[in-house]
Amino acid sequence: MKCPYCNSEDSKVIDSRDVNECVRRRRQCLDCNERFTTYERVLPCSLFVIKKDRRREEFNKDKLLSGIQKACGKRPLPVGAVEKLADDIEAEIYHMGKSEIASYKIGDMVMEGLKDLDYIAYIRFASVYRDFSDITDLKQEVDTLFNVGAVKKSVANGQLTLLPDEKSEKLSGGQDRIKNG
Ligand SMILES: [Zn+2]
């Protein structure tokens with residue numbers, strides 16, 4: 001631990017205490033006698049995310065969670081579903097045992113998870129993450145949902161249908177009236 005004042009590597013700990021999940025240490029430089037503070041924290045293992053522009057930044061679970069939460073805002077999801085998805089993705093990433101991962105891979109994992117959870121959240125996330133430039137991109141993504149049979153599968157899983165119930169009832173009701181008239 002280098003002294004921030006003189007860069008000396010010799011310091012002594014003059015005070016040490018637990019703060020939340022960290023250890024806070026008050027140190028004094030043996031060369032210049034200045035005092036400074038360090039925080040120590042245990043990490044599962046350091047993991048870096050490689051962004052689109054090649055910048056690397058440390059993996060941040062909170063960032064992952066807030067991205068998923070934004071996409072799922074006001075959607076009728078079971079309590080804890082969003083947190084569970086973030087937990088599962090974090091676990092999967094650490095399970096790979098690599099020290100770095102491309103951000104698009106994490107994005108793909110979120111997309112996969114949201115596809116099973118909620119279409120609207122999936123489309124919302126995709127529109128930001130895939131950077132939809134116009135309605136054609138959006139339509140393509142919705143078409144993919146139908147093409148891969150994801151809709152059928154997820155309805156079986158108890159996910160809401162794409163058309164609200166009232167709307168489909170109205171549609172069939174209208175047809176009945178035409179038949180009767
Ligand atoms: Zn010093």
Side-chain angles (χ1 to χ4, degrees), residues 1-132 141 150 153-154 157-160:
M1 190 62 64
K2 280 185 182 171
C3 166
Y5 302 96
C6 73
N7 267 346
S8 161
E9 286 183 13
D10 299 315
S11 65
K12 64 175 179 184
V13 175
I14 52 180
D15 181 49
S16 176
R17 65 181 69 175
D18 288 341
V19 182
N20 298 325
E21 283 165 9
C22 299
V23 180
R24 179 186 180 277
R25 291 207 165 91
R26 194 76 184 132
R27 293 171 184 266
Q28 184 167 27
C29 175
L30 294 179
D31 284 332
C32 72
N33 287 328
E34 288 285 355
R35 292 178 177 196
F36 56 97
T37 307
T38 59
Y39 287 87
E40 248 177 60
R41 191 163 72 109
V42 174
L43 294 174
C45 69
S46 56
L47 176 70
F48 285 87
V49 177
I50 305 168
K51 321 262 291 181
K52 234 192 273 177
D53 59 10
R54 308 300 297 163
R55 272 187 310 121
R56 295 158 99 249
E57 84 183 15
E58 199 157 346
F59 172 71
N60 183 335
K61 162 85 177 289
D62 293 337
K63 225 171 153 180
L64 170 68
L65 180 62
S66 81
I68 301 174
Q69 276 169 337
K70 256 182 224 159
C72 293
K74 296 192 178 162
R75 295 299 299 156
L77 295 172
V79 176
V82 171
E83 288 76 10
K84 188 183 177 300
L85 179 57
D87 284 347
D88 288 350
I89 291 173
E90 184 193 33
E92 200 179 329
I93 292 170
Y94 278 116
H95 202 77
M96 291 173 176
K98 290 183 180 165
S99 59
E100 50 185 43
I101 182 170
S103 60
Y104 76 85
K105 282 193 181 156
I106 299 179
D108 286 349
M109 289 159 95
V110 175
M111 299 262 288
E112 274 306 304
L114 287 179
K115 198 184 272 182
D116 288 338
L117 203 61
D118 188 272
Y119 312 126
I120 302 297
Y122 171 86
I123 292 296
R124 274 188 200 152
F125 186 85
S127 72
V128 175
Y129 166 65
R130 293 249 161 104
D131 204 8
F132 290 172
E141 201 58 61
K153 194 184 99 200
S154 298
N157 287 346
Q159 194 180 138
L160 295 173

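Both backbone and side-chain heavy atoms feed into the values below; hydrogens, waters and symmetry mates do not.
- If you take CZ on Arg56 and NZ on Lys51, they are separated by 13.0 Å, rounding to the nearest 0.5 Å.
- Residues Met1 and Phe36 approach most closely at CG-CE1, 4.0 Å, considering heavy atoms.
- The CG atom of Asp116 lies 11.0 Å from the CG atom of Asp118; values are rounded to the nearest 0.5 Å.
- Gln28 contributes no side-chain N or O that, together with a main-chain N or O of Arg35, makes up a donor-acceptor pair within less than 3.5 Å.
- With sequence neighbours left out, the salt bridge (charged side-chain N to carboxylate O under 4.0 Å, His left out) criterion links Asp10 to no other residue.
- Expressed to the nearest 0.5 Å, how far CD1 of Ile93 lies from NZ of Lys105 amounts to 11.0 Å.
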Between Tyr104 and Lys52, is the side-chain contact (heavy atoms from CB on, under 4.5 Å) condition met? List the steps. CA-CA 8 Å; Tyr104 76 85; Lys52 234 192 273 177; over 6 Å; no
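- Inter-residue side-chain proximity for Lys63 and Glu57 is flagged as met; some heavy-atom pair is nearer than 4.5 Å.
- Of the inter-residue distances, the one linking Arg25 atom CZ with Tyr39 atom OH reads 12.5 Å to the nearest 0.5 angstrom.
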What verdict does the side-chain contact (heavy atoms from CB on, under 4.5 Å) test give for Met111 and Glu141, after you've listed the backbone C-alpha separation in whole Å, the side-chain angles of each residue and the deciding distance to 0.1 Å? CA-CA 11 Å; Met111 299 262 288; Glu141 201 58 61; 4.3 Å; yes
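- Other residues, nucleotides and ligands place more than 12 heavy atoms under 6.0 Å from the CZ atom of Phe48.
- Looking only at side-chain heavy atoms (C-beta outward), Val49 and Asn60 stay at 4.5 Å or farther from each other.
- The nearest pair of heavy atoms linking Phe125 to Gly107 is CE2-O, 3.8 Å.
- The neighbour count for Lys61 NZ, taken as heavy atoms of other residues, nucleotides or ligands under 6.0 Å away, is above 12.
- No donor-acceptor pair under 3.5 Å is formed between the side chain of Arg75 and the backbone N or O of Leu117.
- Taking the charged nitrogens against the carboxylate oxygens, Arg55 and Asp53 do have a contact shorter than 4.0 Å, which makes a salt bridge.
- Between Arg124 and Gly73 the shortest heavy-atom distance is NH1-O, 2.8 Å.
- Residues that satisfy the salt bridge (charged side-chain N to carboxylate O under 4.0 Å, His left out) test with Glu92, not counting sequence neighbours, are absent from this structure.
- With hydrogens and angles left out, the side-chain atoms of Asp108 and Tyr129 include a donor and acceptor closer than 3.5 Å.
- Distance check, rounded to the nearest 0.5 Å: SG of Cys29 to CG of Asn7 gives 9.5 Å.
- Summarising the geometry of Cys72 relative to Leu114, their closest heavy-atom pair is SG-CD2, 3.7 Å, with the distance given to 0.1 Å.
- The line from CD1 of Ile50 to CD1 of Ile106 is 10.0 Å long, rounded to the nearest 0.5 Å.
- Taking the side chain as every heavy atom from C-beta outward, Ile101 and Phe59 never approach each other to under 4.5 Å.
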Derivation and outcome, side-chain contact (heavy atoms from CB on, under 4.5 Å), residues Ser11 and Cys3: CA-CA 7 Å; Ser11 65; Cys3 166; over 6 Å; no
